[in-house]
Amino acid sequence: MTAVQERPGTDALQLATRNELLAAAHALVPALRATADEADRDRRLPEQTVAALRDGGFFKLTTPRRFGGHQVNMRTYLEVTAELARGCSSSAWVAMILGGGNFSTSLYSEQAQNEVWGDNPEACVAGVLTAGATGQHADGGQILSGKWGFASGSYQADWIVLVFNIVDDQGQPIDQGLALVPMSDLTIEDTWFVAGMRGTGSNTVVAQDVFVPDHRILSLTALAQGQYSTEFTDEAEYRTHALTALVLAIVGPQLGMAQAALERVLDIVAKGKPISYSFYQRSADSPSYQLNIADAASLIDKARLLALRAADDLDEAGRTGQVPDTLSRARIRMDIGQAAKLARDAVDLLLNVGGAGSFAEVNSLQRIWRDIETASRHASINTDLSRELYGRALLGIEEQVAPF
């Protein structure tokens, strides 16, 4: 599908916002590269990096314009987080996660949105979309006690959305919900000891008898059907299929990681690196190196094309107010899984060009490799599962293997 136009009256604004944000992200790349190793070592983003991302408006990509946010569409969201990842994978990931949390908050009622942004338009919302608790019924809401791991962006967030099992007054599960909770009601356990994406600080958040009122709970069943609580139904950016959009967002930083690896290898080769144990004094003269670099660049292009096709389809769905059918959503999930795999495969090829020296600690390639190997295996973009979803949808099998 080719790129689509935004709804009448907003296309120029979206384009201007996109160009402004991409230019700002491009300008920030050198600074992000300079602190990427520090983030990796300390297992969280340095404060100067957080300040730069916040000052650049990258923590409010999807915050409604009503609260001073950018209210970007899916295409811009992907492109901006990809550009940030050229500098630092973890920084882009945190911006992406907070974008997802802010997007999710925009689906709640005006009352809930005002609680988050009314007094603090700069507020950021993180999110964990795996159930970490079963609620306890209470008058006007649910009481949560539990733990949610992999809470990226929790150090930078003011609020967080958490999936849990909703129960009725008899204690029986009746649905899954997305609870909007202040970070001040939670504690953070330092559990993020991993090989890749270390700088995201994706620790575990813990709730102990936290009351969440009904107006700050969304039904995941309703979300899957494109039914939201927001009264601002004219905002096309929040009419798109939320669950699919949140999964697609994960690919954005991975596109930038692969591009960063390509740029790093091109720089090494351009400096005249020889090929050890060969007669090549310049690796650039080797057909095998030329072919690997060309193949890697093509894989990155394919990943980007698939991801942006999915983004354009979701943006069009939001513009028209249509919920994509099962086959369309399954194809988008296939696009997402394939984009992640293609980006990872590109980095693998580039490591062949970089050689064993790519794994030196002083070489940024090894960090990018660790990051994309980790990020591309996020459970929600499981490549094999996306193939199952798409294959079953193509065959007209109604029973699916996962909600999407």
Side-chain angles (χ1 to χ4, degrees), residues 43-44 93-94 97-109 111-120 123-194 197 200-224 227-230 242-243 246-247 250 378-380 402-404:
R43 298 182 299 110
R44 63 184 296 174
W93 191 269
V94 169
I97 289 293
L98 297 180
N102 292 354
F103 171 86
S104 299
T105 302
S106 304
L107 308 178
Y108 285 82
S109 67
Q111 179 183 1
Q113 293 184 42
N114 282 333
E115 288 179 24
V116 174
W117 290 307
D119 294 328
N120 181 15
C124 301
V125 185
V128 181
L129 297 184
T130 53
T134 295
Q136 178 183 342
H137 186 269
D139 286 343
Q142 298 266 312
I143 297 173
L144 302 188
S145 294
K147 296 184 177 184
W148 291 262
F150 310 110
S152 305
S154 52
Y155 283 133
Q156 293 77 36
D158 303 283
W159 294 71
I160 191 168
V161 287
L162 302 168
V163 172
F164 74 104
N165 298 314
I166 301 174
V167 298
D168 60 19
D169 56 4
Q170 302 299 312
Q172 296 301 308
I174 55 174
D175 197 356
Q176 283 197 320
L178 191 64
L180 180 60
V181 183
M183 285 298 299
S184 57
D185 287 352
L186 308 170
T187 57
I188 298 177
E189 287 187 3
D190 187 11
T191 57
W192 190 239
F193 297 91
V194 291
M197 302 302 297
T200 60
S202 304
N203 288 301
T204 299
V205 294
V206 182
Q208 182 62 48
D209 296 327
V210 173
F211 175 74
V212 184
D214 285 332
H215 72 272
R216 285 202 266 115
I217 298 173
L218 293 179
S219 161
L220 283 190
T221 299
L223 285 182
Q227 300 171 5
Y228 315 131
S229 297
T230 177
L243 295 183
L246 291 171
V247 174
I250 294 171
H378 191 286
S380 65
F404 68 103

- [ ] Taking the side chain as every heavy atom from C-beta outward, state whether Phe103 and Leu246 have any pair of such atoms under 4.5 Å apart.
- [x] yes

Open item on the list: Looking at every non-hydrogen atom in both residues, tell me the closest pair between Ser154 and Met183 and how far apart they are.
Closed with: O-CE, 3.7 Å

Task: Nearest atoms (heavy-atom pairs only) where Val247 meets Ser380 - done: CG1-O, 3.4 Å

TODO: Take Val194 and Trp192, measure what side chain to side chain contact (heavy atoms under 4.5 Å, CB included) needs, and give me the verdict at the end.
DONE: CA-CA 6 Å; Val194 291; Trp192 190 239; 3.4 Å; yes

Open item on the list: Testing the basics here: between Trp148 and Ala131, what is the closest heavy-atom pair and its distance to 0.1 Å?
Closed with: NE1-C, 4.1 Å

- [ ] Taking the side chain as every heavy atom from C-beta outward, state whether Thr221 and Gln227 have any atom pair closer than 4.5 Å.
- [x] no

Task: Arg216 (side chain) donor-acceptor with Leu180 (main chain) under 3.5 angstrom - done: yes

TODO: With the side chain counted from C-beta on, respond yes when Glu115 and His215 share a heavy-atom pair under 4.5 Å apart, and no when they do not.
DONE: yes

Task: CG on Asn114 to CG on Asp119, rounded to 0.5 Å - done: 9.0 Å

Task: Closest approach of Val125 to Ala157 (non-hydrogen atoms, all atoms of both residues) - done: C-CB, 4.4 Å

TODO: For Gln142 and Val167, indicate whether the former's side chain and the latter's backbone hold a donor-acceptor pair under 3.5 Å.
DONE: yes

- [ ] With Leu178 as reference, evaluate Leu129, Ile166, Ile217 under the side chain to side chain contact (heavy atoms under 4.5 Å, CB included) test and give the passing residue.
- [x] Leu129

Task: For the student: nearest non-hydrogen atoms of Gly127 and Ile160, plus distance - done: N-CG1, 3.6 Å

Task: Donor-acceptor under 3.5 Å (Ser145 side chain, Asp209 main chain) - done: yes

Task: Polar side chain donor-acceptor pair, Thr204 to Thr191, under 3.5 angstrom - done: yes

Task: Side chains of Asn165 and Gln176, donor plus acceptor under 3.5 Å - done: yes

- [ ] Carefully, step by step, assess Thr130 and Val163 under the rule side chain to side chain contact (heavy atoms under 4.5 Å, CB included).
- [x] CA-CA 6 Å; Thr130 53; Val163 172; 6.0 Å; no

Open item on the list: Using a 6.0 Å cut-off, check whether atom CG of Asp190 has over 12 heavy atoms from anything other than its own residue.
Closed with: yes

Open item on the list: Checking Met197 against Ser202 for the side chain to side chain contact (heavy atoms under 4.5 Å, CB included) test, could you report, in this order, the C-alpha distance in whole Å, the side-chain angles of both residues, the deciding distance, and whether it holds?
Closed with: CA-CA 9 Å; Met197 302 302 297; Ser202 304; over 6 Å; no

Task: Rounded distance [0.5 Å steps], OG in Ser152 versus CZ in Arg44 - done: 13.5 Å

- [ ] May I ask you to test the Leu218-Tyr108 pair for a side-chain heavy-atom distance under 4.5 Å?
- [x] yes

Task: Candidate pair Val128 and Val161, rule side chain to side chain contact (heavy atoms under 4.5 Å, CB included), full reasoning - done: CA-CA 6 Å; Val128 181; Val161 287; over 6 Å; no

Task: Student check: side-chain heavy atoms of Val181 and Val210 closer than 4.5 Å - done: yes

- [ ] Write out all pairs satisfying salt bridge (Lys or Arg N to Asp or Glu O under 4.0 Å) with one or both partners inside residues 166-176, taking only residues at least two apart or from two chains.
- [x] none

Task: Min side-chain heavy-atom separation Gln208-Asp185 under 4.5 Å - done: no

Task: Ring geometry between Trp93 and His378 (parallel below 30°, tilted from 30 to 60°, perpendicular above 60°) - done: tilted

Task: Closest non-hydrogen atom pair, Leu107 against Tyr228 - done: O-CB, 3.7 Å

TODO: Mark yes when over 12 heavy atoms from residues, nucleotides or ligands other than Phe404 sit less than 6.0 Å from its CZ; otherwise mark no.
DONE: yes

Open item on the list: Are the side chains of Tyr155 and Thr200 in contact, using a 4.5 Å heavy-atom criterion?
Closed with: no

- [ ] Could you tell me the separation between the OG1 atom of Thr187 and the NZ atom of Lys147, rounded to the nearest 0.5 Å?
- [x] 8.5 Å

Task: Minimum side-chain heavy-atom gap Trp117-Thr105 below 4.5 Å - done: yes

Open item on the list: How long is the straight-line distance from CG of Asp139 back to CZ of Phe211, given to the nearest 0.5 Å?
Closed with: 8.0 Å

